[in-house]
Structures are given as structure tokens and as C-alpha cells.
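Below: one structure, written as C-alpha cells.
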Amino acid sequence: MPKTITFNELRRIKASLPEGSTHVIADKLNLSVQTVRNYFGGSNYDFGIHMGVHIEPGPDGGIVVLDDPTILDMALEILENQKLKEKV
């Protein structure tokens, strides 16, 4: 099911991820690391594919509609796990 988020929020999530997270997500989903980077706003399609990310102009960097939120969900899970580790 598609998910809508602002572009700036998507970039904030990507920037908050611990080092190596894009590699972890890529490995789990059998994707290239560049494809995961493209999902978060990158645009290197020579080494990665487009993952159903549609950006419309607007406030806060614009609105992004994600056809498949799996990568976003995995990123949010990594961030949540990071918060839990920091509390311990």
C-alpha cells in the first residue's frame, strides 16, 4: 500500500540511520546499495534502479509517494532498535 511522506522527512530519516544501514537494508532485500540510496532521494540510476518513489513539489521539500514502503519501514525499525539500545 502506498505511503506519503515529505521529502525532507525522508531525508532526515536517511541521515539519522547508523552507518552501514543502507547496506543492511540492501542485503536483506537483495538490492544494490545504490537502489536503497535512490529510494531516499538519490539519483544515480547507472548503478541503482528506481523504486517507485514519486516526488511532487510542495512545502517541506515536496510530497513523496512511496509505492512500496518496505525500505522506509526497515529504516524506521533500525532507528527504533537504535533508540532501544541507547536506553539500555
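Side chains included, hydrogens not; waters and symmetry mates left out as well; all remaining heavy atoms used.
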To check you understand the geometry: which heavy-atom pair defines the closest contact between I78 and S21, and what is its length?
CG2-OG, 3.7 Å
Side chains of V65 and I55 in contact at under 4.5 Å (non-hydrogen atoms)
no
Taking L17 as the starting point, is it possible to reach F7 by hopping between hydrophobic residues whose side chains are less than 4.5 Å apart?
yes
Specify the closest pair of heavy atoms between L79 and P18, including all atoms of both residues, with the distance to one decimal.
CD2-CD, 4.4 Å
Quick one: CG on L66 to OG1 on T4, what's the gap to the nearest 0.5 Å?
7.5 Å
Is it the case that atom CD in E77 sees more than 12 heavy atoms from other parts of the structure closer than 6.0 Å?
no
Please report the shortest heavy-atom distance between N8 and G61, naming the atom on each side.
ND2-N, 3.4 Å
For the hydrophobic clusters of this structure (ILVMFWY residues joined by side-chain heavy atoms under 4.5 Å, transitively), does one cluster hold both V36 and M74?
yes
Starting from L76, can I reach F40 by hopping between I/L/V/M/F/W/Y residues whose side chains sit under 4.5 Å apart?
yes
Chi angles and distances behind the salt bridge (charged side-chain N to carboxylate O under 4.0 Å, His left out) call for E9, R12
CA-CA 5 Å; E9 181 62 20; R12 277 190 287 273; 3.1 Å; yes
So CG of D68 and NZ of K3: to nearest 0.5 Å the spacing works out to 12.0 Å
Nearest heavy atoms of M1 and P69, plus distance in Å:
O-CD, 3.3 Å
Separation between NZ (K85) and CD (E80), nearest 0.5 Å, reads 12.0 Å
Is there a side-chain contact between I5 and I63 (heavy atoms, below 4.5 Å)?
no
S16 versus Q82, closest heavy-atom pair with distance:
O-OE1, 3.8 Å
The single option from T70, T22, I25, L72 that satisfies side chain to side chain contact (heavy atoms under 4.5 Å, CB included) with Y39 is L72
